[in-house]
Structures are given as C-alpha cells and as structure tokens.
Amino acid sequence: MPERKSFIRDIIDEDLKTNKYGGRVQTRFPPEPNGYLHIGHAKSICLNFGLARDYKGFCNLRFDDTNPTKEEMEYVESIQRDVKWLGFDWDGRLFYASDYFEQLYEYAAQLIKKGKAYVCDLTADEVRKHRGTLTEPGKDSPYRNRSVEENLDLFERMRKGEFPDGTRTLRAKINMASPNLNMRDPVMYRVLHASHHRTGETWCVYPTYDWAHGQSDSIEQITHSVCTLEFADHRPLYDWFLDALGIYHPQQIEFARLNLTYTVMSKRKLLQLVEEGFVNGWNDPRMPTISGLRRRGYTPKSLRLFADRIGVARSESTVDVAMLEDCLRDDLNKRARRVMAVLRPIRLVIENYPEEVVEELDAVNNPEDASMGTRKLPFSKVLYIERDDFREDPPKKYFRLSPGAEVRLRYAYIIKCTGFKKDEKTGEITELQCTYDPETRSGLPQSSRKVKGTIHWVSAQHAVDAEARLYDRLFNIEGPGGEDWRDFINSKALEVLKGCKVEQNLQRAKPEEVFQFERVGYFCVDEDSRKGNLVFNRSVTLRDTWAKIEKKDN
RNA sequence: UGGGGCGUAGCCAAGCGGUAAGGCAACGGCCUUUGGAGCCGUCAUUCGGAGGUUCGAAUCCUCCCGCCCCAGCCA
C-alpha cells in the first residue's frame with residue numbers, strides 16, 4: 001500500500017535530495033514510561049516506524065526516563081508490549097535516556113566551561129518570579145555570573161548529594177529577555193533524591209526534558225526528530241544546546257497530536273480514570289489506550305489503517321471516532337468468522353417440526369472469503385431468536401417477525417409466526433409459535449422464494465450460554481474538556497448481558513479471537529472467558545440500517 | 001496582541017500560480033438467505049475575511065478576524 005504523503009515526507013525527500021544526512025533516515029519513538037500508551041501514541045508509532053520502513057532507515061525505541069518520580073517498570077514493559085503488538089520492531093535499538101546520564105553530565109560540564117551554563121541557588125518560586133511574564137522580560141538571576149570554577153565545583157557537589165532537593169539547579173545561560181519563555185535560562189538539572197527505576201540511587205541530579213532530549217537524539221544520530229506541536233516553542237532551545245555543544249544536529253519536526261471524539265487523551269486524565277475507578281484498569285475496553293483497544297477487539301492492522309487514513313499535518317484536529325470504527329470493520333469484514341449468536345434470546349417453537357429430529361445445516365464461515373469454508377449448524381424444533389427480531393405491532397418497513405408474518409431463518413427454513421405467549425403482568429413476550437415450510441430449506445428450489453427478512457437463530461438444545469459485554473463511547477459529549485470533564489462520563493458505556501445463546505462451535509474460542517455475530521456486530525473473546533463461562537466483548541456494531549430508519553421515523 | 005503555530009465540506013485531509021483528490025459521516029438508488037458486505041450516484045462555483053499582484057490565485061503580497069500552544073526544578 002503506497003504510504004500517504006505528508007509534509008514530513010516532503011522534508012525527508014528534500015533532505016535526501018540535498019544529501020543533508022548522507023542519505024540516512026533515522027527516527028525514534030520516545031515515550032516517557034509514566035503511563036500506558038494510547039491511540040495518539042499509536043499515531044506517532046506508525047509515523048516514526050513507518051518513515052523508517054519506507055525510507056529504508058531505522059527507528060529507535062527510546063524511553064525518555066528523566067523523571068524518576070513518575071516513572072515505573074510496569075510502564076516500560078507495557079510500552080514495549082504495545083509497540084510490538086502494533087506490529088513494529090525496534091530490532092535491538094532499545095534505548096533509555098538514562099543510558100546517557102553520564103554523557104549528559106559531561107556535556108553539561110562542557111557548557112559550564114564555555115560559560116554557557118551556571119548553577120543557580122534560586123528556589124522554584126524565585127525562579128518563577130524572575131522569569132517575567134508573556135509581555136515583560138525576566139530578570140537575571142543573581143547567581144548568573146558565577147565563575148566557571150565555582151560553577152564546576154557546585155555542579156559536582158550537586159551530583160555528590162551535598163544539597164537538598166530544590167535548593168539548586170543548573171541553568172543554561174541564554175537570555176532572560178527572550179520573547180520565547182523557553183529561552184529564559186531554562187533549567188538543565190534539578191536536585192532530586194529519588195530512586196530511578198533503572199539507575200537506582202546512582203543519581204540525585206536529573207536532567208530535564210529540554211536538556212536530555214536533543215542530546216539523546218544527537219547521540220543516537222537521529223536525522224528527523226518528530227514530536228508534537230506543543231514542542232515547537234522548544235525547537236530554538238533544542239537547536240541552541242546542540243550548537244553550543246557543537247555536536248551532531250538532528251532536525252526537530254512537529255506535527256499535530258491526535259484527538260478523538262467522545263474520549264480523552266491526556267495521560268493525566270487517563271490515569272485519573274484508572275485511579276478513581278471510573279474504569280477497570282488501563283486495559284479496560286472503554287479506554288483509548290492501545291491495551292484497552294486490544295482487549296476491546298481492535299486489531300493492529302485496523303489501528304495502522306486508521307493512522308494512514310487520518311494522515312499527518314500541523315493543524316489541530318479532532319477525528320470522528322466513527323472513522324476508527326470503520327477501520328475495524330474494514331479489517332474484520334474480510335477476516336472474521338461469522339457465527340450465530342443470540343444476545344437477548346426469546347424462545348421460538350416450530351409447531352409442525354418433528355420432536356426428536358436434529359438436522360445439520362451448512363453455514364458459510366465468511367462470505368467474503370470462500371477459503372474459510374463452511375460448518376454445520378444443528379437445527380431443531382425449539383430455537384432462540386433475538387428478542388428484537390419480533391414485534392407484536394410491527395412498525396412500517398419492519399422486515400422481521402410479527403404475528404402472521406414470514407421470515408427466513410438464515411441457512412434454514414422460511415417460517416411463519418402463528419402465535420405468541422405473553423406474561424400478562426409484565427407484558428413481556430415469553431414464547432413465539434411458528435410453523436415452517438419444509439420445502440424452503442436452504443438449497444432446495446423453494447428456498448429462493450422471496451421473503452423480506454432473514455434472521456439469525458440458534459438451536460435451544462445445542463446452544464451454549466455466554467456473557468456479552470457491550471461497550472459504548474466513554475463520554476456523552478464529543479469533547480469532554482474543562483475541570484468537570486468527569487461529569488460527562490457515559491455511565492452506560494458498559495452493559496453486561498448474561499444468558500446469551502451462542503452456537504456450540506464457539507465453545508473452544510480463545511481470548512482475542514474475533515468473530516462476527518451475524519447481523520449484530522464484531523465480538524472478541526475476553527481474557528476473562530473460561531470454558532463453560534464464555535465472555536465476549538463487543539468490539540464494534542455492524543452498520544445498522546434498520547436502526548437508522550427507525551430513528552428517523554421515530 | 002510577547003513569542004510560536006493553525007484556519008480547504010459536518011469530521012479528517014490532498015493541493016505548492018493553470019481553474020478544488022481521497023476517506024469518514026450523511027443522503028438517494030441497485031444488489032443481497034447478514035436491513036452486513038459490495039456497487040452506483042449526490043454532497044465546496046469555492047478554500048477564515050477584505051484588498052492587491054497576475055491573462056489566471058486555495059496557492060504570491062498587505063491588512064484584518066478566529067482558534068490552539070508557552071510564564072513546571074513535567075514530558
């Protein structure tokens with residue numbers, strides 16, 4: 001599939017033409033291990049690894065682990081799992097910013113020696129006050145002009161742990177009057193007596209993102225350092241550090257991060273959803289995390305397709321979640337095995353069908369792919385059909401069962417509804433009575449008779465019980481923002497159905513296997529599923545033309 | 001209004017001076033033993049607005065308007 005072009009590819013094409021990097025293309029995906037990856041990261045992964053693949057280059061996986069207070073091993077493990085699952089391979093190029101701590105420290109000392117960095121004794125609060133505002137310049141720190149010797153000595157003592165947290169920082173000496181706040185003597189190191197998930201107690205000074213990122217890119221000989229738009233303001237600083245050091249200089253390129261309707265994407269909010277119990281963990285199928293989408297039944301291919309379809313640009317955008325859903329259907333339509341499953345069963349008795357007979361009927365596994373073959377379906381006198389496939393008073397254009405109406409049972413017979421039982425107290429229909437026409441069995445000449453509707457069914461005595469978890473959008477509104485974003489959480493985003501009846505072929509289905517429940521939707525087997533207690537997640541519904549008609553006619 | 005970025009259909013998004021791709025959604029129709037899938041068609045005389053340059057402008061220039069990001073020792 002030809003990759004869609006983008007402004008980033010234009011830049012790379014140009015760099016290749018001018019031989020800027022000797023014909024190399026080297027990218028990197030640099031997550032901070034402080035949470036699980038979400039679909040926005042998937043966009044970035046597909047972008048960075050996709051660039052490397054298409055230009056015969058490489059893409060590194062690098063953990064940006066410069067803040068030990070927020071990072072954990074659990075996250076670095078989940079991130080590797082998710083990247084691999086998405087279908088990408090860093091092929092041995094797995095790095096950590098913490099691998100470069102010693103080198104970074106050395107670089108910092110170089111800047112001090114060049115008079116381009118200094119140790120500052122201002123507290124965080126004082127630094128803020130000195131920084132100025134958007135419209136007023138900042139004031140120089142009183143420690144800005146310390147001698148190289150004093151700075152070197154202090155910096156070394158910071159590393160040795162002589163000073164408490166927050167008492168001193170190493171700052172770049174740039175310009176406190178710069179209109180770009182990032183250039184007003186940004187902090188390079190802070191004192192932090194915290195245990196790091198990889199370096200343990202080795203360090204008590206940690207580099208900031210601005211100081212670590214560009215230099216890490218340089219060390220790894222990255223050519224195109226692709227990041228999101230909010231870092232565009234940092235690019236002058238990124239460039240300044242590299243130039244001040246006089247080392248290999250990659251090019252930072254920014255693109256717009258992904259936003260999706262009816263969900264939230266910030267790591268902070270996702271963490272809150274998990275910690276405050278609105279969902280059951282990072283991989284809850286309602287979450288936009290990669291692991292959540294995976295459990296929901298999304299396939300790596302569908303996510304890659306999605307990344308291709310939405311493209312890469314610099315304009316802030318919010319993609320309609322319907323686009324994502326369509327990508328899943330697109331993939332699963334061609335691959336998913338079709339099965340019969342009745343979610344809300346209602347008993348149906350075929351009165352003129354013999355008591356003890358069980359027929360084996362042929363069913364197609366996937367009409368899109370004949371190579372997937374056929375299977376046998378048992379048929380008998382008592383069946384279950386979907387409650388929604390019967391109406392006592394059918395609305396206009398309703399093609400399914402109703403008193404006196406005919407309908408085709410998929411792969412079986414045409415039946416006619418002759419009566420029904422109703423619980424007079426609740427008004428609930430408890431059983432349907434039908435007759436069948438023996439001449440209309442699928443394959444027989446009479447089976448080509450036209451009937452308006454075809455419905456799915458399972459044989460009552462052969463069906464297997466199952467649980468279905470139906471998911472809907474996590475939020476009730478398109479863009480849940482603001483401080484009260486939690487108020488818009490959709491309390492009906494999960495509906496659990498027990499006592500569903502599915503065809504017996506499903507008995508041995510394993511977690512993550514996906515199926516199309518005919519006429520209903522795509523479902524995958526959940527990890528909670530057990531033999532004898534099958535659990536299915538609804539990944540996405542099928543397009544439902546009838547629902548649309550009914551909604552329109554109200 | 002200090003700096004940076006962005007405005008093309010309901011939502012994404014091509015377009016790079018020669019007369020508005022594509023996808024999603026929506027809406028018609030065909031087809032159908034999934035109201036699925038598939039197929040056909042409709043959907044921007046106009047590109048945030050106003051001027052200007054040009055034979056010709058979404059593309060170049062000027063001004064204006066709107067939205068997003070930045071005042072963490074987070075990334």
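Convention: sequence-line order gives letters A, B, ...; per-chain numbering from 1.
Between A:Glu503 atom CD and B:U34 atom C1' there is a gap of 13 Å when expressed in whole angstrom units. In this structure, the OH atom of A:Tyr209 is 18 Å from the P atom of B:G72, given to the nearest Å. Atom-to-atom, CD of A:Glu254 to C1' of B:C70 comes out at 13 Å; the value is rounded to the nearest Å. When rounded to the nearest whole Å, the span between CG of A:Asn366 and C1' of B:U34 equals 11 Å. In this entry the distance linking OH of A:Tyr522 with P of B:U34 reads 13 Å, nearest Å. For the pair A:Asp437 CG and B:U33 P, the computed distance is 17 Å after rounding to whole Å.
Cation-pi geometry between A:Arg198 and A:Tyr96 is satisfied (NZ or CZ under 6.0 Å from the ring centre, within 45° of the ring normal). A cation-pi arrangement is present between A:Arg159 and A:Tyr105 under the rule of less than 6.0 angstrom and at most 45 degrees off the ring axis. The cationic group of A:Arg146 does not satisfy the cation-pi geometry with A:Tyr118, failing either the under 6.0 Å distance to the six-membered ring centre or the 45° limit from the ring axis.
Distance from the side chain of A:Glu230 is smallest to B:C69 among B:G3, B:A71, B:C69. Taking every side-chain heavy atom of A:Ser317 into account, B:A13 is the closest of B:G4, B:A13, B:A71. Minimum atom distance to the side chain of A:Leu542 is reached by B:U34, of the listed B:U34, B:G35, B:C70. Among B:G36, B:G3, B:G28, the nucleotide with an atom closest to any side-chain atom of A:Asn180 is B:G3.
The residue among A:Val127 and A:Asp544 whose nearest nucleotide of RNA chain B is located toward the 5' end is A:Asp544. Between A:Pro31 and A:Asn182, the residue anchored closer to the 5' end of RNA chain B is A:Asn182, taking for each the nucleotide with the nearest heavy atom.
Residue-level contact check: A:Lys397 touches the bases, meaning some heavy atom is under 4.0 Å from a base atom. Within 4.0 Å (heavy atoms only), A:Thr123 reaches at least one base atom of the nucleic acid.
Comparing the same atom, C1', in B:U53 and in B:C61 gives a spacing of 7 Å after rounding to whole Å. Annotation: B:A71 and B:G56 have their P atoms spaced 48 Å apart (nearest Å). Taking atom C1' on both nucleotides, B:G18 is separated from B:A58 by 13 Å, rounded to a whole Å. When the P atom is compared between B:G4 and B:A57, the two are found 30 Å apart, to the nearest whole Å. Comparing the C1' positions of B:G52 and B:U59 gives a spacing of 15 Å, expressed to the nearest Å. A distance of about 32 Å separates the C1' atoms of B:C30 and B:U46, rounded to the whole Å.
Side-chain atoms of A:Arg235 and base atoms of B:G4 include no donor and acceptor less than 3.5 Å apart.
For NZ of A:Lys416, the number of neighbouring non-hydrogen atoms (other residues, nucleotides, ligands) closer than 6.0 Å is 12 at most.
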